[in-house]
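Both backbone and side-chain heavy atoms feed into the values below; hydrogens, waters and symmetry mates do not. Quantities reported herein were computed from a predicted structural model and do not represent experimental measurements.
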Amino acid sequence: MEKDTGCPAHTTVCEEASCVVFERDSNAVLSAVLSAVLTVLLAMVMFSMGCNVEIGKFLGHIKRPWGICVGFLCQFGIMPLMGFILSVAFQIIPIQAVVVLIMGCCPGGTASNVLAYWVDGDMDLSVSMTTFSTLLALGMMPLCLYIYTKMWVDTGSIIIPYDSIGTSLVALVIPVSIGMFVNHKWPQKAKIILKIGSIAGAILIVLIAVVGGILYQSAWIIEPRLWVIGTIFPIAGYSLGFFLARVAGQPWHRCRTVALETGMQNSQLCSTIVQLSFTPEELNLVFTFPLIYSIFQIIFAAILLGIYIGYKKCRGKNTAKFSEREDNETELESTCHKINGGFQPDEK
């Protein structure tokens, strides 16, 4: 049976088209346990991704940070601006606009490193971009939020969890550094670890989406405009990141890397900021947007990955056919030469 508001009977906070059910104690325990498990798995995956990073190339990106600068412009230039444009275009209420902007101001997510590996991206650039965007988020997030949200809300009311950002940075840097060391000392073993870790990373991405859907299943009734923004936002990030990298003269594999780093945001950090900054009554309007964005960024990244794999297979077949045709033509020319050998001039 449903309430008069049209929301399911088990909801505790409802307003217009949005409903929220607060976490049960069992969900809180499950969330804590799964968070610990996922943190360990994430560290293992990032260790394996580090096994594909060469210290020399990584330091090369730092010494000549053109790719990192392009990524920085995408991460803290394009994404906050796109969040602002979408908020104004769809005329969402101020509190919802603020959450959209929080998502746009977040640093890159670690899932981008796994996906960069699968699309044959520049892993050295991917890891350096994720690391630097997380580090720079300590200052860039407050600055971007101050610039874009002051027309809607007092920026001081938004709590930036610096401890969470610091934890994300440590969880990224330490395992990746160990993986880089392993790759430097034992490159053959690093290749085996990388293959295992890449598969585990793909499973982890799906697992995070499923776990999020289970833990926050109550908040799927939400204003349609937020669904639309959550769909458009990651697509815009992937597309504009790729375009800007290409305009900057980056090679194709780096363009794919920058695209993933731009569109793949740290949605867990966004969820933390939202829960720290808003009252339970306000959460019913914005609670699930980070989860919506997270799901769609994974869906569209999976679609792009499928397109790329299909392209690689088609290109491989065409290359094989072209090589076979070249071999046949060479053999035919050689045969003709032998047949018409009598017409060749005599050697002196």
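Gly230 and Ile292 get closest at one heavy-atom pair: CA-CG2, 4.0 Å. Closest approach of Leu101 and Gly83 over heavy atoms only: CD2-C, 3.9 Å. In plain terms, the two heavy atoms of Thr130 and Gly108 that are nearest each other are CG2-O, 4.0 Å. Nearest heavy atom pair, residue Gly104 against residue Met79, reads O-CB, 3.2 Å. In terms of heavy atoms, Ala245 sits closest to Val70 at CA-CG1, 4.0 Å. Here the shortest heavy-atom pairing between Gly241 and Thr262 reads CA-OG1, 3.7 Å.
Side-chain atoms of Gln265 come within 3.5 Å of backbone N or O of Cys106 as a donor-acceptor pair. A donor-acceptor pair is defined here as one N or O able to donate and one able to accept, closer than 3.5 Å; no such pair exists between the side chain of Thr257 and the backbone of Ala116. At least one donor-acceptor pair closer than 3.5 Å links the side chain of Thr131 to the backbone N or O of Val127. Remark: side-chain polar atoms of Tyr238 are not paired, donor with acceptor, to backbone N or O of Phe233 under 3.5 angstrom.
For the atom pair Leu125 CG and Met123 CE, the distance stands at 10.0 Å (nearest 0.5 Å). Taken to the nearest 0.5 Å, the OG atom of Ser239 stands 11.5 Å off from the CD1 atom of Ile232. Rounding to the nearest 0.5 Å gives a distance of 8.0 Å between CE of Met264 and OH of Tyr293.
The cationic atom of Arg254 (NZ for Lys, CZ for Arg) does not lie both less than 6.0 Å from the six-membered ring centre of Trp66 and within 45° of the ring axis.
Following chains of ILVMFWY side-chain contacts shorter than 4.5 Å, one cannot reach Val119 starting from Trp252, and the two form parts of different hydrophobic clusters. One hydrophobic cluster, built from ILVMFWY side chains closer than 4.5 Å, holds both Trp118 and Leu260.
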Exercise for review: Apply the test side-chain contact (heavy atoms from CB on, under 4.5 Å) to residues Phe289 and Trp227: give CA-CA distance (whole Å), side-chain angles for both, the deciding distance (0.1 Å), then the verdict.
Suggested key: CA-CA 8 Å; Phe289 180 76; Trp227 279 97; over 6 Å; no
Review point. Would Val100 and Leu226 count as a side-chain contact (heavy atoms from CB on, under 4.5 Å) if you check the C-alpha gap in whole Å, the side-chain angles of each, and the deciding distance to 0.1 Å?
Key: CA-CA 9 Å; Val100 172; Leu226 284 182; 4.3 Å; yes
Review point. Which is it for Leu81 and Tyr148 under the side-chain contact (heavy atoms from CB on, under 4.5 Å) test, yes or no, and what are the steps along the way?
Key: CA-CA 8 Å; Leu81 179 60; Tyr148 287 106; 3.7 Å; yes
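Between Phe300 and Phe296, the two ring planes are parallel [angle under 30°; tilted spans 30° to 60°].
Within a 6.0 Å radius of NE2 in His253, more than 12 heavy atoms belonging to other residues, nucleotides or ligands are found.
No donor-acceptor contact under 3.5 angstrom links the side chains of Glu261 and Ser133, judged on distance only.
In summary, Arg256 and Asp120 do not engage in a salt bridge, as defined by a charged side-chain N under 4.0 Å from a carboxylate O.
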